[in-house]
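Position 1 is the first residue of the sequence, and the numbers go up from there.
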Amino acid sequence: MTFKHNFKKVLSATAFAAALVVAPAANVSAATNDASSTQQSATATSQDQQASQDQAASQSSAANQSSSTSTSSATSTSTVKKVAKKTKKTKKTKKTSKKKAVKKVAKKTSKKSTKKTTKAATAAVTASADQSQATDQQDDAAKRAAEAAAKKAAAAKKAAAKKKAAAKKAAAKKKAAAKKKAAAKKKAAKKSAEKAAKYWIAMRESGGYYTARNGSCYGRYQLLISYLGGDLSKKNQERTADRYVYGRYGSWVNAKRFWLTHNWY
């Protein structure tokens, strides 16, 4: 608004100066024509000289005024240019300042956004790392629990196998003992039966006497004297009788069975 107002003022001053230059020239021309028509040639000449002087003075004054006006106009124009330049510079400065402010704000916003993004990314990475660590800890705990369970199961299996082996061994030992006991019992019973059968035959043959004699038979078991080989002792009679019975019948029980059938053995 200020620039337009000053420009209008300059235009008005220029128009005014031009009017001042043109107006005296028109007056002089009119005066010269009037003097030529009413006065004589000498007077006209004098008047022409006077008019010329007046015209020169007017032209000088007009020139001075025009110069002043031009100077004023130039000054106004320079002022307007300065004002325009200053305004333009101010606008440019404001625009530059605004751009700088916008850039600064954008930079600050970008920096702030970057900072927020970095902070968020850091937080996300930290959270991810924490989650990964927690997952790893859970996996380790689960692995340790699985290993402990497997170890416990292996120990239980080993204990069960050991217990089973011990039970099996105990059963085998018990069975062997029972078998041995049965064999011993059987042996004892057999021995007892053999002893009873031997005693039974001795009682039937000699009444139990080692000196009993019946023809060619002698002793407790009435063996042929030739079997005794000249040794009539009790010990030899027992040994010779056992050798004869086991060699002929296999046992005193079988000898008894034969005796019961044939009344001799």
Side-chain angles (χ1 to χ4, degrees), residues 126-265:
T126 304
S128 179
D130 293 340
Q131 187 176 3
S132 178
Q133 187 177 4
T135 304
D136 291 339
Q137 289 178 353
Q138 289 178 356
D139 292 340
D140 291 338
K143 189 176 180 180
R144 286 196 296 271
E147 288 177 353
K151 193 174 181 181
K152 189 176 181 180
K157 188 176 181 181
K158 189 176 180 181
K162 191 175 181 181
K163 188 177 181 180
K164 187 177 180 181
K168 190 175 180 181
K169 189 176 180 180
K173 192 175 181 181
K174 188 177 181 180
K175 188 177 180 180
K179 191 176 180 180
K180 189 176 181 180
K181 187 177 181 180
K185 190 176 180 180
K186 187 177 180 181
K187 188 177 180 180
K190 186 178 180 181
K191 188 175 181 180
S192 178
E194 288 290 298
K195 188 176 181 179
K198 187 178 181 180
Y199 178 79
W200 185 87
I201 289 175
M203 293 305 292
R204 292 295 182 275
E205 290 292 330
S206 63
Y209 293 101
Y210 286 98
T211 58
R213 184 167 184 169
N214 184 16
S216 60
C217 296
Y218 182 84
R220 182 179 178 88
Y221 301 100
Q222 292 297 296
L223 297 173
L224 292 174
I225 296 175
S226 58
Y227 288 170
L228 295 174
D231 186 0
L232 302 178
S233 64
K234 294 180 180 180
K235 187 175 181 181
N236 188 44
Q237 287 184 42
E238 291 289 337
R239 184 169 55 244
T240 302
D242 287 334
R243 186 168 60 246
Y244 168 76
V245 168
Y246 285 113
R248 183 180 178 90
Y249 302 105
S251 66
W252 284 100
V253 173
N254 293 335
K256 179 183 177 181
R257 190 177 296 115
F258 186 86
W259 196 101
L260 288 171
T261 304
H262 299 88
N263 289 323
W264 63 273
Y265 72 102

Qualifying residues under side chain to side chain contact (heavy atoms under 4.5 Å, CB included), relative to Ala212, sequence neighbours excluded | Ser206, Tyr209, Gln222
Can you pull the ring pair (Phe, Tyr, Trp, His ring centres under 6.0 Å) pairs that have at least one residue in residues 144-177, sequence neighbours excluded?
-> none
Considering only distance and modelled atom types, tabulate donor-acceptor pairs under 3.5 Å from the side chains of residues 133-146, sequence neighbours left out.
| unit_1 | atom_1 | unit_2 | atom_2 | d |
| --- | --- | --- | --- | --- |
| Thr135 | OG1 | Gln131 | O | 2.7 |

Sequence neighbours excluded - side chain to side chain donor-acceptor pair (under 3.5 Å) pairs with any residue from residues 255-265 = Glu205-Trp259, Asn254-Arg257
Before giving the answer on side chain to side chain contact (heavy atoms under 4.5 Å, CB included), spell out for Trp252 and Tyr246 the whole-Å C-alpha distance, their side-chain angles and the decisive distance to 0.1 Å.
-> CA-CA 7 Å; Trp252 284 100; Tyr246 285 113; 3.8 Å; yes
Do any pairs count as a salt bridge (Lys or Arg N to Asp or Glu O under 4.0 Å) and have a residue in residues 241-252, sequence neighbours left out, and if so which ones?
-> Lys198-Asp242
Does Tyr249 have any ring pair (Phe, Tyr, Trp, His ring centres under 6.0 Å) partners at least two apart in sequence or in another chain, and if so, which?
-> Phe258
Please identify each residue that fulfils side-chain hydrogen bond (donor to acceptor under 3.5 Å, both in side chains) with Tyr227, with sequence neighbours left out.
-> none
Sorted by chain and residue number, the side chain to side chain contact (heavy atoms under 4.5 Å, CB included) partners of Tyr210 (sequence neighbours excluded) come out as Arg220, Lys234, Gln237, Glu238
Can you list every ring pair (Phe, Tyr, Trp, His ring centres under 6.0 Å) pair that touches residues 164-185, not counting sequence neighbours?
-> none
Nearest 0.5 Å, what's the OG1-CG distance between Thr211 and Leu232?
-> 10.0 Å
Could you walk me through whether Leu224 and Ser216 pass side chain to side chain contact (heavy atoms under 4.5 Å, CB included), step by step?
-> CA-CA 6 Å; Leu224 292 174; Ser216 60; 3.5 Å; yes
Heavy atoms, side chains only, cut-off 4.5 Å: are Arg213 and Ile225 in contact?
-> yes
Name all pairs fulfilling the ring pair (Phe, Tyr, Trp, His ring centres under 6.0 Å) condition that reach into residues 130-187, sequence neighbours left out, sorted by first residue then second.
-> none
Minimal heavy-atom distance between Ser251 and Val245, with the atoms involved, is O-CG1, 3.3 Å
Side chain to side chain contact (heavy atoms under 4.5 Å, CB included) filter on Asn236, not counting sequence neighbours, yields Leu228, Asp231, Ser233, Arg239, Thr240
Does any pair with a residue in residues 153-174 pass salt bridge (Lys or Arg N to Asp or Glu O under 4.0 Å), and if so which ones, sequence neighbours excluded?
-> none
